[in-house]
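As the structure is a prediction and not an experimental result, all values here were calculated from the model.
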Amino acid sequence: MNNPKLIREKYDETKSSLISKKVSPELIEEYKERDELWRAEGIALDELKHQRKGLMPKGKPSPEQLALLKETSEKIKLKQERVSELDRECHDLALSMPNVPDSSAPVGISEEDNVELSKWGKIPEFDFEAMDHEHLGVGLGMFDLKTAAKVTGSRFVIYKNKGAKLERALINFMLDTHSKAGYEEILPPAVVHEDSMVGTGQLPKFSHDSFKIDETPYWLSPTAEVQLTNMERDNVIEEGTLPINYVAYAPCFRKEAGTYGKDIRGIFRQHQFNKVELVKFVTPETSMDELEKLTGHAETILKLLGLPYRKVSLCTGDLGFSAAKTYDLEVWFPSQKKYREISSCSNFLDFQARRALIRCRRSNNAQVEYLHTLNGSGLAVGRTFAAILENYQTNGGSIIVPDVLKPYLNLEIIENE
RNA sequence: GGAGAGAUACCCAAGUGGCUUAAGGGGACGGUUUGCUAAACCGUUAGUGUUCGAAAGGGCAGCGAGGGUUCGAAUCCCUCUCUCUCCGCCA
């Protein structure tokens, strides 16, 4: 949720900023109008309530008093209905409005306008035709999509044998690495309450992207960002304990509606996938520095695994709903000859903190204010798995195990026996 | 899943329709006293949200959550959530 004062006091600036994030001008105008009405009517209502307090008798009211009380209460009731209606309208509009992009985010319409900031690693050159990760993985018996389609459905996977071990090794490697960097390890529920989904911005607008558990207020979490960020929902955190850094492994569930025919090969885009997530709670003045740190921690995983990647800054049109600024990390896929997203690191400023009511208490003056939240994938495990297969393949279709994973797998090479 | 008991502020806790502007205690903080500490005594302690205001400072809401009854609700009614005790089932 954006600070309502932005629309009230910096209307033109905020409006054009939101338009760059594809919000319709009508929506913004409607919000402004509703907000003004809500405030005016709210003041009138408070005034009436104040009046009634003065009229309250110490004991039983006399008939004259009673008549006056009844009249005032009747007015309050009508005004209250009006205010509640406006309040609901404002709240709904505010919840469906995305975060205002940070001024450092490049202005643009789509993915095409994202700005590449850096590249790391050497793109592997093979003296043979590079296979895609599905051929490699299925060929080595590491995962089975057909059986998963029978057991569950399409876009699900069953990892097997060394594939199962590689997936688990990656999770452990990522958790260990981030723990060493100062993140507190969390193992959260995979299921979250709808209130949490509202807190981080998945609801109410994007209900079609996630799975709801029928007849309950629960959802299958689309990212551990939801669990980790909402752990501090409704809390006031002492400034001295910030920054709070959490790392969690969790399975993530996404409907992937509207992606039919996209990334149908292999395990790149699944309804259920594993992800290691980083979340930070920080003081407002440090959040942009913390975004650099957070992105650096995600990059560390790619570097340690020796996977070539690039870092891009998302343009305003490509920014997620809740994000003010986002760096995507994209890893090289030899079979596609393209960099593909493997991590997304975002600063939400106080947008999620307002929705989820997460505040910090300043140590010098005891003032309470909204803190800033950030998160980043560190990394998407399934995509890391796929990238390792493709980048570490050999001519025979076997996979050289990256050095840092050897202690986890007790293997030098993954090959058919 | 069944039966029962709870939820009041930082903690404990009183409060069954208007005398509550939520008592009292503990703790915390400030002060008096003191060489220092403790004790004693005095005082402060409703966080937060929202709104009005340049500010100082006001208003409104808040007794687990949401509805309802009433001129008026912490208090009466309904629904829900969570905690505890017991029974059943279960990895």
Side-chain angles (χ1 to χ4, degrees), chain A residues 1-11 31-95 97 187-199 203-204 212-219 227 230-242 251 281 283-284 350-371:
Chain A
M1 200 142 34
N2 287 302
N3 186 344
K5 287 191 174 127
L6 280 179
I7 298 261
R8 288 175 201 161
E9 290 162 18
K10 293 183 180 169
Y11 180 63
Y31 173 78
K32 182 182 162 65
E33 184 209 309
R34 296 282 104 175
D35 180 58
E36 277 166 8
L37 257 178
W38 171 73
R39 278 189 292 157
E41 295 284 30
I43 290 166
L45 174 66
D46 285 357
E47 181 55 36
L48 282 170
K49 283 183 173 172
H50 185 54
Q51 260 178 42
R52 184 172 66 183
K53 269 193 179 176
L55 295 172
M56 281 298 175
K58 289 291 182 199
K60 289 275 174 217
S62 66
E64 302 82 53
Q65 282 178 320
L66 191 61
L68 192 54
L69 279 168
K70 275 188 177 172
E71 191 193 322
T72 313
S73 285
E74 190 55 33
K75 278 191 213 160
I76 288 174
K77 201 177 169 186
L78 288 173
K79 191 63 84 180
Q80 181 70 64
E81 277 168 17
R82 175 77 177 130
V83 171
S84 300
E85 189 192 337
L86 285 164
D87 189 41
R88 206 165 31 246
E89 285 172 1
C90 281
H91 194 67
D92 289 352
L93 284 169
L95 280 181
M97 224 173 309
L187 187 57
V191 172
V192 294
H193 196 275
E194 61 189 6
D195 291 347
S196 295
M197 295 281 280
V198 172
L203 292 180
K212 184 167 199 286
I213 301 176
D214 206 15
E215 293 175 353
T216 72
Y218 300 146
W219 295 71
Q227 292 95 313
N230 281 282
M231 279 170 66
E232 303 298 339
R233 175 149 52 89
D234 295 325
N235 284 352
V236 178
I237 301 165
E238 297 299 328
E239 183 182 2
T241 66
L242 296 176
F281 303 85
T283 53
D350 63 1
F351 185 85
Q352 292 181 328
R354 277 178 192 282
R355 290 178 157 243
L357 213 67
I358 310 171
R359 294 141 297 167
C360 69
R361 187 185 308 283
R362 293 294 189 174
S363 38
N364 53 350
N365 57 6
Q367 276 289 316
V368 170
E369 61 186 276
Y370 291 108
L371 48 67

Tell me which nucleotide, if any, is Watson-Crick or G-U wobble paired with [N] when both distances must be under 3.5 Å.
N	answer
B/G6	B/C82
B/U33	none
B/A91	none
B/A38	none
B/C60	B/G49
B/G17	none
B/U70	none
B/U44	B/A28

[X] [atom1] - [N] [atom2] separation (whole Å):
X	N	atom1	atom2	answer
A/Leu37	B/U50	CG	P	20 Å
A/Gln51	B/C60	CD	C1'	13 Å
A/Arg39	B/C52	CZ	C1'	10 Å
A/Lys53	B/G59	NZ	P	8 Å
A/Glu41	B/C52	CD	C1'	16 Å
A/Arg354	B/U48	CZ	P	16 Å
A/Leu69	B/G18	CG	P	15 Å
A/Asp234	B/G47	CG	C1'	13 Å

**OP:** Pull up the glycosidic torsion of B/G62 and say syn or anti, syn being anything within 90° of 0.
**Re:** syn
The side chain of [X] is closest to which nucleotide in this list: [options]?
X	options	answer
A/Lys49	B/C52, B/G49, B/C60	B/C60
A/Lys70	B/C71, B/U51, B/G47	B/C71
A/Arg359	B/C60, B/G72, B/U48	B/U48
A/Tyr370	B/G49, B/G47, B/C60	B/G49
A/Trp38	B/A61, B/G49, B/U51	B/U51
A/Met56	B/C60, B/G72, B/U50	B/G72

**OP:** Using the closest heavy atom to pick a nucleotide of RNA chain B for each, name whichever of A/Tyr218 or A/Arg361 lands nearer the 5' end.
**Re:** A/Arg361
Whole-angstrom distance between [N] and [M], as gauged at atom [atom1]:
N	M	atom1	result
B/U44	B/A55	P	28 Å
B/G2	B/C89	C1'	11 Å
B/A23	B/U8	C1'	12 Å
B/A91	B/G6	P	34 Å
B/G26	B/U75	C1'	26 Å
B/C11	B/C29	C1'	16 Å
B/A74	B/C87	C1'	33 Å
B/U20	B/C80	C1'	28 Å

Subject >> Flag, side chain of A/Asn3 to backbone of A/Lys5, donor-acceptor distance under 3.5 Å >> reply: yes
Original post:
Do the side chain of A/Gln227 and the main chain of A/Pro189 share a donor and acceptor less than 3.5 angstrom apart?
Top reply: yes
Subject >> Any A/Arg52 side-chain nitrogen or oxygen under 4.0 Å from OP1 or OP2 of B/C60 >> reply: no
**OP:** May I ask you to verify if any side-chain N or O of A/His50 is less than 4.0 angstrom from the OP1 or OP2 atom of B/G59?
**Re:** no
Subject >> A/Asp35/A/Arg39 ion pair, N-O < 4.0 Å >> reply: yes
Subject >> Residues A/Lys77, A/Glu81: salt bridge by 4.0 Å N-O rule >> reply: no
Subject >> Option among A/Gln80, A/Arg52, A/Lys49 that satisfies the side-chain hydrogen bond (donor to acceptor under 3.5 Å, both in side chains) test with A/Ser73 >> reply: A/Arg52
Looking at side-chain heavy atoms only, is the closest gap between [X] and [Y] below 4.5 Å?
X	Y	value
A/Tyr31	A/Pro4	yes
A/Leu371	A/Ile237	yes
A/Leu95	A/Met1	yes

Original post:
At under 4.0 Å between heavy atoms, what does A/Leu66 touch on the DNA or RNA strands: base, sugar-phosphate, or nothing?
Top reply: base
Original post:
Which part of the nucleic acid, if any, lies within contact of A/Val236, taking any heavy atom under 4.0 Å across all strands shown: a base, the sugar-phosphate backbone alone, or nothing?
Top reply: nothing
